[in-house]
Amino acid sequence: MGQRREVDLATFFEDKSDIFKIPRVYKNRDALSGNFIPDELPHREEELRKIAQYLSYAIAGNTPPNLLILGSTGTGKTVTVKKVIKELKNYAGGMVETLYTVVGRTQQQTLIFLGQQMGVRLPARRGFDENWRKFKNSIDGDKKVIVVLDEIDKILPSCDLLYYLTRQQNICLVGISNKIGVMEMIKDKRVISSFNPIKIVFKRYNSSQLADILRYRASMAFCNGVLDDGVINYVASLAAKSGGDARYALDLLAFSGDIAISEGRSKITVDIVRKAMNEVEIEYIRKSISDLTDPQKILLAIVVASNENLSPSAVYNICKKVMLSYCGRDLTSWRLSEYMSELDLLGFVRIIKKGRGKGKGFSWYVQLDMSRDVILDIIREELNKMDIDFEHVVKLVKLAKGG
Ligand SMILES: Nc1ncnc2c1ncn2[C@@H]1O[C@H](COP(=O)(O)OP(=O)(O)O)[C@@H](O)[C@H]1O
Ligand SMILES: [Mg+2]
């Protein structure tokens, strides 16, 4: 569908008016998107076969073993599992129920997503246990059910949903995570003893594997002759250096195509890719900030506003004030320091030790660990969505510094 429309639009503009002459760059831009499930997955045949083999137990009427798919971002975990599920559905028809969801902020939200796929409405205001019973009753006891929880680490460490799912005889749980140590994050003893999955690890792609993947996806996405020689290899080597992330590589190609169009060019050159890198970077930062929790966004805003001169405890105090007026919720400093350590891990901030002068010991400060220029507009926007005025945060920071 997407393909048809895009081509028609270009033809429409070309026919109607000269000022809308759009260079024919894309055949089907969707073929580069993250939701697209391609027919082939080069360099993932082995992983695909393994997962399919385990899940196919369901076709024979057995509950497949629980699986945990691990590997860093962009190694093809999601697309590979989705592909197996799609084939399984085609093959098994109604014999096997398959549910896929990226986990929500809470286990309740996650359960609601799963319920939606079963066609049951689970009201958020109901208790979790009550919703679970309703969900469980909606499942045909004779059917095998495969439940895929993508980014499963987000609802750990303590989680009734995992416990209930793994206790259910006819449910196979497939967890996906880019945190290799995800099992160590589970603190709930009941889950530890009931969830003992088979682990399948996805290795990072190297440059030549990425080039194969890109060539394949690009052949579906771009018109013939659009990609200059060397573009695929260039993008592949950039992506290999930044961790073997196929998503980054595909995004880079898509942004390059968009830039070519906006500059009225019908060829994508290495120069255009260089320009696209900047935009992709900003897009990634935007996405990773919007994935943060609300208190984390506020913490980050305070660090951005403070210009690196506040101690962690001063930052927490301001955050408590903002949280109180934003949602009436009080958070402990301990909790906030956990959020802050995560911001540190994600590379947004660094907590550093600075000397107070000779013989006067040290103090701790929170420093922004990325370009302030890049992050400022994004964080302002995010706060706006929460109805918090960034200028208000700036004022609180000034007050704290003055005091
Ligand atoms: N072997 C492959 N062949 C084709 N496309 C791939 C392959 N591996 C990953 N991709 C694509 O790269 C992007 C990122 O993959 P994804 O499965 O979302 O990674 P992960 O879930 O591991 O973060 C998606 O667009 C996906 O379709
Ligand atoms: Mg994924």
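Start at 1 and go down the list; that is how both ligands and their atoms are numbered.
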Colleague: Does anything in residues 51-68 form a side chain to side chain donor-acceptor pair (under 3.5 Å)? List the pairs, not counting sequence neighbours.
Modeller: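 Passing the test, one end in residues 51-68: Arg49-Gln53, Thr63-Lys144.
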Colleague: Give the residue, atom name and distance (to 0.1 Å) of the protein heavy atom nearest atom 23 (O) of ligand 1.
Modeller: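 Going atom by atom, the protein heavy atom closest to atom 23 (O) of ligand 1 ends up being Gly74 N, 2.8 Å.
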Colleague: For atom 21 (O) of ligand 1, what's the nearest protein heavy-atom neighbour? Residue, atom name and distance, please.
Modeller: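 In this structure, atom 21 (O) of ligand 1 has Thr78 OG1, 2.7 Å as its nearest protein heavy atom.
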Colleague: Give me the nearest non-hydrogen protein atom to atom 16 (P) of ligand 1 as residue plus atom name, then the distance to 0.1 Å.
Modeller: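 The closest one turns out to be Arg247 NH2, 3.6 Å.
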Colleague: With only distance considered, is Thr80 within less than 3.5 Å of ligand 1 through an N or O on each side?
Modeller: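 Min N/O separation from ligand 1 is not below 3.5 Å for Thr80.
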Colleague: Give the single entry among Asp245, Leu48, Ile213 that approaches atom 4 (C) of ligand 1 most closely by any heavy atom.
Modeller: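 Residue with the shortest heavy-atom distance to the ligand atom: Ile213.
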Colleague: Measure from NZ or CZ of Lys353 to the centre of the six-membered ring of Phe362 and say whether it is under 6.0 Å with the direction within 45° of the ring axis.
Modeller: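 Here Lys353 passes the 6.0 Å and 45° test against Phe362.
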Colleague: Using a 4.0 Å heavy-atom threshold (strictly under), name the region of Asp150 that reaches ligand 1: side chain, backbone, both or neither.
Modeller: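 Looking at Asp150 and ligand 1, no heavy atom falls under 4.0 Å.
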Colleague: Does a donor on one side chain and an acceptor on the other come within less than 3.5 Å for Asn178 and Thr73?
Modeller: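 The criterion, which ignores hydrogens and geometry beyond distance, is satisfied for Thr73 and Asn178.
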Colleague: Output every pair passing ring-ring contact (aromatic ring centres under 6.0 Å, His included) with a member in residues 263-299, not counting sequence neighbours, ordered by first then second residue.
Modeller: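 Non-adjacent pairs meeting ring-ring contact (aromatic ring centres under 6.0 Å, His included): Tyr248-Tyr284.
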Colleague: Give the contacting part of Pro42 toward ligand 1: side chain, backbone, both or neither, where contact means a heavy-atom distance below 4.0 Å.
Modeller: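 Both of them.
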Colleague: Taking the cut-offs as 6.0 angstrom to the six-membered ring centre and 45 degrees off its axis, would you call Lys27 and Phe222 a cation-pi pair?
Modeller: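 No, Lys27 does not sit over the ring of Phe222.
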Colleague: Does Gly71 come within less than 4.0 Å of ligand 1, judged by its heavy atoms?
Modeller: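 Gly71 does not count as a contact of ligand 1 under the 4.0 Å cut-off.
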Colleague: For Phe202 and ligand 1, answer yes if some heavy atom of the residue is under 4.0 Å from a ligand atom, otherwise no.
Modeller: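 The answer is no: ligand 1 sits nowhere under 4.0 Å from a heavy atom of Phe202.
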Colleague: What protein heavy atom sits nearest atom 26 (C) of ligand 1, and how far off is it?
Modeller: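 I find the closest protein heavy atom is Arg217 NH1, 3.6 Å.
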Colleague: When you measure from the heavy atoms of His43 to every atom of ligand 1, does any distance fall below 4.0 Å?
Modeller: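 No, His43 has no heavy atoms under 4.0 Å from ligand 1.
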Colleague: Just heavy atoms, cut-off under 4.0 Å: does Val79 contact ligand 1 by side chain, backbone, both, or neither?
Modeller: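 Both backbone and side chain.
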Colleague: If we ignore angles and hydrogens, is there a donor and acceptor under 3.5 Å between the side chains of Arg167 and Ser194?
Modeller: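 There is no such pair (donor and acceptor under 3.5 Å, judged by atom type) between the side chains of Arg167 and Ser194.
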Colleague: State whether Asp129 and Arg133 are salt-bridged, where the test is any N-O pair (Lys NZ or Arg NE/NH1/NH2 against Asp/Glu carboxylate O) under 4.0 Å.
Modeller: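 Salt bridge flag = no for Arg133 with Asp129.
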Colleague: Counting heavy atoms only, which of Tyr248, Phe36, Tyr216, Tyr205 is nearest atom 8 (N) of ligand 1?
Modeller: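 Heavy atom nearest to atom 8 (N) of ligand 1 belongs to Tyr205.
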Colleague: Establish, from distance only, whether the side-chain atoms of Arg335 and Tyr316 form a donor-acceptor pair under 3.5 Å.
Modeller: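 No, no side-chain donor-acceptor pair sits under 3.5 Å.
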Colleague: Between Arg204 and Asp245, does any NZ, NE, NH1 or NH2 come within less than 4.0 Å of an OD or OE carboxylate oxygen?
Modeller: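 No, no charged N to carboxylate O under 4.0 Å.
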Colleague: Could you find the nearest protein heavy atom to atom 22 (O) of ligand 1 and give me its residue, atom name and distance?
Modeller: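 For atom 22 (O) of ligand 1, the nearest protein heavy atom comes out as Lys77 NZ, 2.7 Å.
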Colleague: What protein heavy atom is closest to atom 19 (O) of ligand 1, reported as residue, atom name and distance in Å?
Modeller: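 Checked against all protein heavy atoms, atom 19 (O) of ligand 1 sits closest to Gly76 N, 3.2 Å.
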Colleague: Please determine whether a side-chain nitrogen of the Lys or Arg among Asp150 and Lys77 lies less than 4.0 Å from a carboxylate oxygen of the Asp or Glu.
Modeller: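 Salt bridge flag = no for Lys77 with Asp150.
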Colleague: Is any side-chain N of the basic residue among Glu382 and Lys385 closer than 4.0 Å to the acidic one's carboxylate O?
Modeller: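 Lys385 and Glu382: salt-bridged.
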Colleague: Give the atoms of ligand 1, by number and element, whose distance to some non-hydrogen atom of Thr73 is under 4.0 Å.
Modeller: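 Those qualifying, in numeric order: 23 (O).
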Colleague: Measuring from the heavy atoms of Ala249, does anything fall under 4.0 Å of ligand 1?
Modeller: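 For ligand 1, residue contact (heavy atoms, under 4.0 Å) with Ala249 is absent.
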Colleague: Taking both backbone and side chain into account, is any N, O or S atom of Thr78 nearer than 2.8 Å to the Mg ion (ligand 2)?
Modeller: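 Within the cut-off used here (under 2.8 Å), Thr78 does place an N, O or S atom near the Mg ion (ligand 2).
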Colleague: Evaluate the criterion side-chain contact (heavy atoms from CB on, under 4.5 Å) for residue pair Lys275 and Glu263; output intermediate values, then yes/no.
Modeller: CA-CA 12 Å; Lys275 279 190 199 166; Glu263 293 185 352; 2.6 Å; yes
Colleague: Hey, is Arg44 touching ligand 1 through its side chain, its backbone, both or neither, going by heavy atoms under 4.0 Å?
Modeller: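 Only the side chain of Arg44 comes within reach of ligand 1.
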